[in-house]
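This structure is a prediction, so every number in the text was calculated from the model and none was measured.
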Amino acid sequence: MTARFDQGPWAAAGVQTVQPGVHRVPLPLPNDGLHAVNVYLLENLAEDDGIVMIDGGWAIPEARKVLEEALAAIGRDLGDISHILVTHIHRDHYTNAVELRRLLGSRVYLGAGERPGLEMLGRLGSDSPAGSLDTLRRAGAGELADHVQAMDHGGYDPSVWEAPDRWLGAETLCFGDRELRVVPTPGHTKGHVVFLDEQRGLLFSGDHVLPHITPSIGFELTEPGGRPLADYLDSLRLMTRYADTRLLPAHGPVTDSAHTRVAELLTHHDDRLAKSLAALGDATLDAHAVARALGWTRREVPFADLSAFNQMLAVNETAAHLDVLVLRERAAVAFVDGVNQYTRVS
């Protein structure tokens, strides 16, 4: 699950030039354990292409100010941003992209797999995580779902949840002499994509591959369904089919090897699958009960000590791990009175 980790210089305001024409800018987040989200500014494009920005940040005035200061530091301004490529629909990546489009006329791109979630937001008129709440109820955590649903999720503002200018599939985008391969990587969300610059050896990984933490699995605005962890593990393995690159993540510092971190993440989930199976034991349990038996974050924090929001992430992730165990025929599941009940297979 996504959890707080030690903050280093990566989260401080400013500009890091990763290589000529590629700049990392951490933008602040409100009341968020991660503190910042990295956006990337790509220069050295055709003259009429301006700056391509990867991820938008959270639509708050503080983020706009930091972005303006960063652009000034490289001799540019907001008006130079022509395109914003967003890795996924979560608020800390998408909403500021929509605000900047309204201000500047920039074109916003988003993975096509996020379309159902965005349309559901419009139908419900709420940005509470409807899919994740439904998963909680099917996991035997109905009271927790009610509590999270009643929380303040920031207030629904339809103006920051508008559709992008273009929905992205598996394709290659060209900006001047720069080609960015769009690689769909479902798992963290159904429509998550990464942007791969093969010529320069760079992977703009969004939340798919993060250097210090594991992204939450199954935190969805749209209807639940599918097997988010199975999708995520497949998406991780997909990264190894491409040549290794530098890792340019949405949270955390730039690192030298995407493949190294992918291997660590796959090992981590193997360990969590084993622990989930052990917690299941010889009983028949729902995902909420299994989650309560596990430790969370690198510090093995007890489930009861997590905030309600992080308890939701923990239960959803546990359900995702149990569903993978079912796929691997290590466990069986039965849907009883609206709740999935899991039993280990001998």
Side-chain angles (χ1 to χ4, degrees), residues 7-30 32 34-87 92-110 164-165 173-182 193-207 210-211 245-256 258:
Q7 299 301 316
W10 80 267
V15 181
Q16 175 196 8
T17 298
V18 178
Q19 62 178 232
V22 179
H23 311 283
R24 182 184 68 84
V25 180
L27 300 183
L29 300 175
D32 190 283
L34 295 174
H35 291 304
V37 58
N38 292 325
V39 303
Y40 294 91
L41 306 176
L42 278 55
E43 296 186 287
N44 297 341
L45 310 173
E47 184 174 341
D48 58 351
D49 278 333
I51 286 178
V52 171
M53 180 171 165
I54 295 181
D55 275 330
W58 191 309
I60 56 174
E62 295 87 350
R64 174 89 58 82
K65 180 175 183 293
V66 170
L67 179 59
E68 288 177 336
E69 291 171 349
L71 285 161
I74 62 172
R76 309 297 288 264
D77 60 38
L78 285 176
D80 291 322
I81 299 173
S82 59
H83 298 77
I84 307 174
L85 315 182
V86 184
T87 57
D92 58 329
H93 295 256
Y94 189 63
T95 57
N96 197 45
V98 176
E99 288 280 4
L100 291 173
R101 177 176 65 184
R102 185 175 298 112
L103 177 68
L104 309 170
S106 310
R107 289 178 57 81
V108 174
Y109 295 11
L110 183 66
D165 297 282
L173 303 174
C174 297
F175 301 99
D177 67 347
R178 186 182 297 274
E179 293 186 353
L180 294 173
R181 181 192 291 267
V182 183
V193 298
V194 301
F195 300 100
L196 179 60
D197 185 335
E198 294 174 289
Q199 180 182 355
R200 294 167 178 81
L202 304 175
L203 175 65
F204 301 93
S205 65
D207 282 3
L210 298 172
T245 61
R246 298 184 75 185
L247 177 64
L248 281 65
H251 307 284
V254 173
T255 61
D256 288 336

Residues in salt bridge (charged side-chain N to carboxylate O under 4.0 Å, His left out) contact with Glu198, at least two apart in sequence or another chain = Arg181

Over all atoms of both residues, closest heavy-atom pair of [X] and [Y]:
X: Pro28; Y: Ile60; answer: O-CD1, 3.6 Å
X: Ala36; Y: His251; answer: O-ND1, 2.8 Å
X: Ala13; Y: Val66; answer: CB-CG1, 4.2 Å
X: Asp92; Y: Val37; answer: O-CG1, 3.5 Å
X: Pro26; Y: Ala12; answer: CG-O, 3.0 Å
X: Ser205; Y: Pro249; answer: OG-CA, 3.3 Å

Go through Glu99 and Arg102 one step at a time and tell me if the salt bridge (charged side-chain N to carboxylate O under 4.0 Å, His left out) criterion holds.
-> CA-CA 5 Å; Glu99 288 280 4; Arg102 185 175 298 112; 3.2 Å; yes

So do [Y] and [X] actually touch side chain to side chain, heavy atoms under 4.5 Å?
X: Leu173; Y: Val52; answer: no
X: His93; Y: Asp207; answer: yes
X: Phe175; Y: Leu42; answer: no
X: Met53; Y: Leu67; answer: yes
X: Thr87; Y: Phe195; answer: yes
X: Leu202; Y: Thr245; answer: no

Using atom types as modelled and distance alone, determine if a side-chain donor or acceptor of [X] lies under 3.5 Å from a backbone N or O of [Y].
X: Ser106; Y: Ile84; answer: no
X: Thr95; Y: Ala59; answer: yes
X: Arg24; Y: Trp10; answer: yes
X: Asp165; Y: Val108; answer: yes
X: Arg246; Y: Val18; answer: yes
X: Asn38; Y: Gly252; answer: yes

Rounding to 0.5 Å, atoms CD (Glu62) and CG (Leu27) come to a distance of 11.0 Å

Only counting residues at least two apart or in another chain, list the ones meeting side-chain hydrogen bond (donor to acceptor under 3.5 Å, both in side chains) with Thr17.
-> His23

Run the salt-bridge test on Glu68 and Arg64 with the 4.0 Å N-O cut-off and return the result as yes or no.
-> no

Given Val39 and Asn96, is the side chain to side chain contact (heavy atoms under 4.5 Å, CB included) satisfied, shown in steps?
-> CA-CA 11 Å; Val39 303; Asn96 197 45; over 6 Å; no

Does the side chain to side chain contact (heavy atoms under 4.5 Å, CB included) test come out yes or no for Leu248 and Val22, once each step is laid out?
-> CA-CA 10 Å; Leu248 281 65; Val22 179; 4.1 Å; yes

Under the side chain to side chain contact (heavy atoms under 4.5 Å, CB included) rule, what do Val25 and Leu41 come out as? Steps first, then yes or no, please.
-> CA-CA 8 Å; Val25 180; Leu41 306 176; 3.9 Å; yes

Parallel under 30°, tilted from 30 to 60°, perpendicular over 60°: which one fits the rings of Tyr40 and Phe204?
-> perpendicular

With Leu71, which of Ile81, Asp80, Val15 fulfils side chain to side chain contact (heavy atoms under 4.5 Å, CB included)?
-> Ile81

